[in-house]
Amino acid sequence: MNILQQLSDEMADTTAAVTQAVVQIQDRHGGVGSGTIWNTDGLIITNAHVVLHGHHHMRVSRDLSVLLPDGRTRSARVVAVDEENDLAALQVDASSLPIVTIGDSASLRPGQWVMAIGHPWGIRNALTAGVIISTGDDMPEIQTGREWIALDLQLRPGHSGGPLVDVEGRVVGINTMISGPEVGFAIPVDKVKAFLQQMTV
């Protein structure tokens, strides 16, 4: 087996494991986004814009449902929202769920391969791969003062809230934004960790 085939098979195996912890989120308006199961008892991380609706005065949708990887549908309640960093935490009534492996984002470097998993246009567990362009809070093309991971890969509506993973299958970010046909942005996973720490204080 040549090295490219081996690498391809290893990446396919890695992402197959991660997709077991990626959910589809819907509301009564028909919105579709993705979420990442964070613990076995039903804590799910997604983007704030996936669970908020309304114009100017954003409101939390009260009719959210989550399609779990095993095909079950569960009602979800929003337990925390951070609009500034576009993060939200949901809770579903479930146990013994598959979870992701959490990585860190401080050591990410331009040129590293990453993969984004989500449900673009409602297609379940679609994957796109590419490389990191840059990281940090100094990106003129996007809101400054916030840390981002800029990506040379295709994100589509429905990828939002899904995991960005490295080649070892560790979550290093949460997919959040499209900027042009080939550039996407993700929230660094270290920001998610901080969000969860504040939520439990």
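Start at 1 with the first residue, then count along the sequence.
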- request: Looking only at non-hydrogen atoms, find the nearest pair between Gly161 and Thr46 and report the distance.
  value: CA-OG1, 3.5 Å
query: Are any non-hydrogen side-chain atoms of Ile45 and Phe195 less than 4.5 angstrom apart?
result: yes
field: Expected output: side-chain Ser65 to main-chain Arg74 donor-acceptor under 3.5 Å
entry: no
- line: When every non-hydrogen atom of Ser160 is compared with those of Asn47, the smallest separation belongs to CB-OD1, 3.2 Å
- prompt: Under 3.5 Å, side chain of Gln198 to main-chain N/O of Asp82, donor-acceptor pair present?
  reply: no
message: To the closest 0.5 Å, what do you measure between OG (Ser105) and NZ (Lys191)?
response: 9.0 Å
statement: Contacts satisfying salt bridge (Lys or Arg N to Asp or Glu O under 4.0 Å) that involve residues 90-111 (not counting sequence neighbours) are none
query: Do Val78 and Leu64 have side chains that get closer than 4.5 Å, going by heavy atoms?
result: yes
Thr40 side chain near Ser96 side chain, heavy-atom distance below 4.5 Å: no
- prompt: Among the clusters formed by ILVMFWY side chains lying less than 4.5 Å apart, do Leu196 and Val100 turn up in the same one?
  reply: yes
field: Interatomic spacing from CZ in Arg124 to OG in Ser34 - rounded to 0.5 Å
entry: 10.0 Å
query: Distance from Leu108 atom CG to Ser134 atom OG, nearest 0.5 Å?
result: 11.0 Å
field: Leu67 vs Gln26 side-chain heavy atoms within contact, under 4.5 Å
entry: no
field: pair Leu90-Val79: side-chain heavy atoms closer than 4.5 Å
entry: no
- request: Check whether any side-chain heavy atom of Asp190 lies under 4.5 Å from a side-chain heavy atom of Val192, and answer yes or no.
  value: no
- prompt: Is it true that a side-chain atom of Asn175 and a backbone atom of Gly162 form a donor plus acceptor pair closer than 3.5 Å?
  reply: yes
query: How far apart are the closest heavy atoms of Val18 and Gly169, and which atoms are they?
result: CG2-O, 3.7 Å
task: With rounding to the nearest 0.5 Å, note down the distance linking CG in Asn85 to CH2 in Trp148.
output: 8.0 Å
- request: Report the C-alpha separation of Ile102 and Trp38 in whole Å, then their side-chain angles, then the decisive distance to 0.1 Å, and conclude whether the side-chain contact (heavy atoms from CB on, under 4.5 Å) test is met.
  value: CA-CA 9 Å; Ile102 310 302; Trp38 218 255; 3.4 Å; yes
field: Results of side chain to side chain donor-acceptor pair (under 3.5 Å) for Thr128 - residues two or more places apart only
entry: none
query: Can you tell me if His119 uses its side chain to pair, donor with acceptor, with the backbone of Val23 under 3.5 Å?
result: yes
message: Using only atom types and a distance under 3.5 Å, with no angle test, would you say the side chain of Thr176 pairs donor to acceptor with the backbone of Ala186?
response: no
field: Leu52 vs His49, side-chain contact (heavy atoms from CB on, under 4.5 Å): CA-CA, chis, key distance, verdict
entry: CA-CA 5 Å; Leu52 297 174; His49 75 257; 5.8 Å; no
Gln20 vs Asp70, side-chain contact (heavy atoms from CB on, under 4.5 Å): CA-CA, chis, key distance, verdict: CA-CA 8 Å; Gln20 296 304 306; Asp70 62 9; over 6 Å; no
- prompt: Should Ile99 and Val66 be regarded as members of a common hydrophobic cluster, given that ILVMFWY residues are connected when their side-chain heavy atoms come within less than 4.5 Å of each other, either directly or indirectly?
  reply: yes
field: From CZ (Arg170) to OG1 (Thr101), nearest 0.5 Å
entry: 9.0 Å
Leu43 vs Ile37 side-chain heavy atoms within contact, under 4.5 Å: no
Side-chain (Asp166) to main-chain (Glu168) donor-acceptor, under 3.5 angstrom: yes
query: With side chains defined as the heavy atoms from C-beta onward, is the minimum distance between Met177 and Ile187 less than 4.5 Å?
result: no
Can you give me every donor-acceptor pair (side chain of residues 150-158, partner residue at least two apart or in another chain, under 3.5 Å) with its distance?
from   : atom 1 : to     : atom 2 : distance (Å)
Gln154 : NE2    : Glu182 : OE2    : 3.0

- request: Identify the heavy atoms of Pro69 and Val22 that sit nearest to each other, and give their distance.
  value: CG-O, 3.5 Å
- request: Please report the shortest heavy-atom distance between Ala94 and Leu97, naming the atom on each side.
  value: CB-CD1, 3.8 Å
query: Are Thr36 and Ile44 close enough, and set up right, to give a side-chain contact (heavy atoms from CB on, under 4.5 Å), and what steps lead you there?
result: CA-CA 5 Å; Thr36 305; Ile44 295 167; 5.8 Å; no
message: If I take atom OG from residue Ser107 and atom CD from residue Gln112, how far apart are they, to the nearest 0.5 angstrom?
response: 6.5 Å
message: Tell me the closest heavy-atom pair linking Met115 and Ala129, and the distance in Å.
response: CG-CB, 3.8 Å
